[in-house]
Amino acid sequence: MLNKSMLPLSIRNRVILSISVPIVLCILVFSLIFYIYSYKSIKKETVSQFSVIVDFQKMQLERWLEEREDVVRALALQCGIIKILKELENQKNIEKMQESLCIYLRKLYENDGYSTFILDKNGTIVCSAFKEFIGKSRAKRYYFKQAINTDKVVYSDEYLSAHLKEPALAFSKRVISGNKLLGVVATIFPFKKILEKKIILYPGIGKTGEAFLVRKEGERVIALSPLRGIPKATLSFYFPNKNIPAYLAAEGKEGIYELKDYRNIPVLAATRYIKRMNWGCVLKQDKSEIFMPLNHLLYYIVSLALITTILAIGIGCWLGYIITSPLLTLEKKAREISKGDLDVEIPIERRDEIGSLASSFGHMLTGLKEAQDALIKREKLSTLGQIAGGIAHELRNPLGVISNAVYFLQMTMAEGDEIVKEYLGIIQKEVQDAERIVRSLLDFMRVRPPEKEWITVEGLINEVLSAYTIPENIKLKLDFRGENKVFVDINQIERCFSNLFHNAIQAMTPKGGELIIRTIPQKDQVITQFIDTGPGISKSDLEKIFEPLFTTKARGIGLGLTVAKSLVEANGGKIMAESEEGKGSVFTVTLPKSPD
């Protein structure tokens with residue numbers, strides 16, 4: 001019985017919890033998995049993007065350096081430069097040649113943006129795009145001192161150019177003719193004007209993304225290009241600590257890192273190292289901006305979880321009502337049944353488990369009613385059996401006396417009046433019918449335990465046939481398929497077969513017909529069939545023929561088939577009837593072969 005005072009443990013509340021809790025947990029687990037997957041996907045995509053960009057920047061820088069190297073080599077091999085340095089060696093008049101070369105160098109500066117010096121073997125500038133530098137010494141400069149002693153192109157790291165007044169790079173190569181040193185060609189490239197185009201400071205990776213170059217100076221790392229937060233950082237800003245991407249890049253480490261940058265802000269950074277210049281290239285972006293979509297996703301997840309929880313609770317309440325409402329109805333009907341009312345109706349028609357429960361409840365109620373009716377019927381039959389037993393015992397003796405008296409009169413009046421003989425025969429037949437009814441009453445009152453022994457079914461049938469005179473208009477056909485032994489009580493089964501044979505003969509009297517008695521052997525049993533061509537039995541009567549006191553005959557008390565069924569079942573067999581009105585009936589008796 002559902003108790004409203006026990007709501008925390010009620011079925012409705014359990015339904016709500018069993019629906020809402022798993023759904024919410026599933027949403028949370030799915031959301032967590034999706035969040036982690038999205039985080040990894042965004043990170044993977046960003047890492048891939050950063051790797052492509054920083055590799056492209058590194059490739060551009062190295063290609064640019066190679067191009068500058070080719071330019072210096074070409075200048076070192078130029079005939080005009082070699083010629084002017086030779087003439088200068090011979091102390092000849094070179095003013096016109098010098099002026100022409102300076103104009104050429106000026107055009108290079110204007111077109112390509114770099115400044116070129118032609119130095120003699122002592123380090124003095126003999127030609128320049130800027131005439132004011134002619135005659136000045138650069139003997140102490142790195143790009144002269146290193147180039148004079150090697151045939152390779154010398155790279156001078158980024159420095160603050162005096163004449164360009166901005167950060168610049170110098171590339172130099174000595175000029176030789178045959179095996180004779182003539183001087184040095186040096187090109188000065190403005191870093192901002194040329195190199196920054198290759199680095200692409202802000203490559204479209206959000207508001208916090210930036211790319212820059214760094215270089216290690218002793219234990220410190222200096223910026224070689226502007227920073228987004230410090231535009232004038234070139235050659236002036238030293239990074240404050242070592243555990244940042246800039247230090248890793250300057251130390252030659254390449255990879256993807258999740259660290260804090262020089263601003264102490266968490267970033268995702270890609271680093272590359274340009275070995276020939278000892279430069280580190282850094283591409284980074286704030287993690288807060290990279291994973292900004294996850295914040296929106298988290299908002300949607302929380303919203304979805306709340307909405308789902310509300311819907312789950314609502315669905316749980318609705319389902320709880322659907323489930324508990326019919327249960328309450330069943331509870332009410334159960335209380336009525338407990339008071340003895342078995343005529344209650346179950347007003348629940350559903351095609352689900354609740355409907356199945358209600359249907360089972362209805363079947364149980366029907367079973368209770370049938371059991372009650374059967375109990376009442378058994379009580380009545382028990383009473384009837386006691387009365388019938390008493391009547392049978394009381395009638396048996398008078399019937400025996402009448403039968404003996406008829407026999408005596410028939411013997412003493414053997415040659416008497418024919419009318420008297422006829423009436424004595426009628427009395428004898430009626431006494432036999434009365435004795436048959438008495439036997440039926442006694443068999444119905446109590447069925448004794450069978451005393452089983454081996455006997456053939458065919459032998460039992462022949463015993464039954466020997467006691468009957470078959471009318472002339474009835475044709476008997478025996479269809480015995482071998483001799484089939486069964487382990488039964490001979491008297492009880494003979495009594496059963498006698499009842500079935502007698503009923504078949506009565507069904508075909510007086511019109512006549514055909515009676516077939518057939519035996520069919522099987523593995524563990526023998527089937528015996530009594531097949532008549534009488535009027536048949538209606539479907540409504542066929543269901544009741546084995547019930548006590550049911551009969552369709554004008555004479556008889558309706559115990560013959562009931563007794564036959566009891567006797568067959570007592571011997572471990574089965575009896576069943578089939579019939580079609582107008583065509584006849586088939587009674588089938590199945591008896592076991594085995595003693596078990």
Side-chain angles (χ1 to χ4, degrees), residues 43-44 46-70 72 142-143 146 150 152-160 167-172 189 191-192 194-205 208-230 233-263 265-287 290:
K43 182 179 177 181
K44 182 178 180 181
T46 305
V47 167
S48 177
Q49 179 186 7
F50 277 20
S51 298
V52 170
I53 292 174
V54 77
D55 286 337
F56 181 70
Q57 289 178 345
K58 179 180 177 180
M59 180 189 71
Q60 279 193 312
L61 285 171
E62 290 182 337
R63 184 180 296 174
W64 183 83
L65 291 170
E66 290 174 0
E67 290 173 355
R68 302 291 77 76
E69 185 177 336
D70 292 340
V72 175
Y142 178 85
Y143 56 77
Q146 293 297 320
T150 180
K152 296 180 180 180
V153 176
V154 175
Y155 298 87
S156 176
D157 208 346
E158 185 179 4
Y159 71 102
L160 192 61
L169 296 174
F171 296 82
S172 58
F189 294 92
F191 190 79
K192 183 176 182 181
I194 303 297
L195 201 55
E196 286 183 2
K197 293 180 181 179
K198 308 300 178 183
I199 297 177
I200 312 175
L201 291 177
Y202 310 117
I205 50 174
T208 61
E210 63 177 326
F212 54 87
L213 292 174
V214 295
R215 180 182 70 203
K216 193 170 185 180
E217 292 186 353
E219 295 297 322
R220 299 196 298 174
V221 173
I222 190 170
L224 300 182
S225 61
L227 304 176
R228 182 184 286 274
I230 308 174
T234 306
L235 297 177
S236 63
F237 178 76
Y238 289 90
F239 292 91
N241 58 65
K242 294 184 177 181
N243 194 28
I244 60 175
Y247 260 89
L248 297 176
E251 290 178 349
K253 296 179 180 178
E254 295 186 344
I256 302 294
Y257 302 98
E258 290 184 68
L259 298 169
K260 290 184 179 180
D261 67 353
Y262 60 90
R263 302 167 300 160
I265 294 175
V267 296
L268 183 65
T271 63
R272 295 294 185 270
Y273 185 67
I274 303 172
K275 189 174 182 180
R276 71 174 72 187
M277 299 299 295
N278 295 321
W279 288 349
C281 182
V282 179
L283 178 68
K284 69 177 184 64
Q285 187 179 9
D286 290 359
K287 290 177 67 175
I290 293 174

> Step by step, work out the side chain to side chain contact (heavy atoms under 4.5 Å, CB included) result for Asp55 and Arg272.
CA-CA 7 Å; Asp55 286 337; Arg272 295 294 185 270; 2.5 Å; yes
> Answer yes or no: is there a side-chain heavy-atom contact under 4.5 Å between Leu259 and Leu248?
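Yes - at least one pair of side-chain heavy atoms lies under 4.5 Å apart.
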> Once you round to the nearest 0.5 Å, how far does CG of Leu283 lie from CD of Glu210?
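That separation rounds to 9.0 Å.
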> If you measure from NZ on Lys287 to CG on Leu268, what distance do you get to the nearest 0.5 Å?
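With rounding to 0.5 Å, NZ (Lys287) is 7.5 Å from CG (Leu268).
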> Mind checking the CH2-CZ spacing from Trp64 to Phe189? Nearest 0.5 Å is all I need.
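One gets 5.5 Å once the value is rounded to the nearest 0.5 Å.
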> Could you walk me through whether Tyr155 and Glu69 pass the side chain to side chain contact (heavy atoms under 4.5 Å, CB included) test, one step at a time?
CA-CA 9 Å; Tyr155 298 87; Glu69 185 177 336; 2.4 Å; yes
> Within the distance-only criterion (no hydrogens, no angle test), does the side chain of Ser48 pair as donor or acceptor with the backbone N or O of Lys44 below 3.5 angstrom?
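The answer is no, because no donor-acceptor pair under 3.5 Å joins these two groups.
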> Got Arg215 and Leu235 here, is their nearest side-chain heavy-atom distance under 4.5 Å?
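In contact.
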> Could you tell me if the side chain of Ile244 sits less than 4.5 Å from the side chain of Val221, heavy atoms only?
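Not touching, per the 4.5 Å side-chain cut-off.
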> Could you tell me the separation between the CG atom of Asn243 and the OH atom of Tyr247, rounded to the nearest 0.5 Å?
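Reported value, rounded in 0.5 Å steps: 11.0 Å.
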> What's the shortest heavy-atom distance between Leu227 and Ala233, and which atoms?
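Closest heavy-atom pair between Leu227 and Ala233: CG-CB, 3.8 Å.
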> To the nearest 0.5 angstrom, please state how far the NZ atom of Lys152 sits from the CD atom of Gln146.
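Taking NZ in Lys152 and CD in Gln146, the distance rounds to 12.0 Å.
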> Locate the shortest heavy-atom distance separating Ala270 from Phe50; write the atom from each residue and the value.
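Looking at all heavy atoms of both residues, the shortest contact is CB-CB, 3.9 Å.
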> Would you say the side-chain atoms of Thr271 pair up with the backbone N or O of Pro245, donor to acceptor, closer than 3.5 Å?
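It does not hold such a pair.
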> Can you classify the ring geometry of Phe239 versus Phe212 as parallel (below 30°), tilted (30 to 60°) or perpendicular (above 60°)?
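Parallel, since the angle between the ring planes stays under 30°.
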> How long is the gap from CE on Met277 to CG on Leu213, to the nearest 0.5 Å?
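Result: 9.5 Å between the selected atoms.
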> Can you check side chain to side chain donor-acceptor pair (under 3.5 Å) on Tyr273 and Asn278, steps first, answer last?
CA-CA 7 Å; Tyr273 185 67; Asn278 295 321; 2.8 Å; yes
> Please report the closest heavy-atom contact between Arg228 and Gly209, naming both atoms and the distance.
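Answer, listing the atom of Arg228 first, then Gly209: NH2-O, 2.5 Å.
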> Looking at Glu66 and Arg276, is any side-chain nitrogen of the basic one under 4.0 Å from a carboxylate oxygen of the acidic one?
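Yes.
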> With a 4.5 Å heavy-atom cut-off, do Ile274 and Leu65 have their side chains touching?
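The answer is yes; the side chains approach within 4.5 Å.
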> Test the Arg68-Phe171 pair against the cation-pi criterion, namely NZ or CZ under 6.0 angstrom from the six-membered ring centroid and within 45° of the ring axis.
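Output no; distance or angle outside limits.
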> Is Arg63 atom CZ crowded by more than 12 heavy atoms from other residues, nucleotides or ligands, each under 6.0 Å away?
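For Arg63, atom CZ is not crowded (no more than 12 foreign heavy atoms under 6.0 Å).
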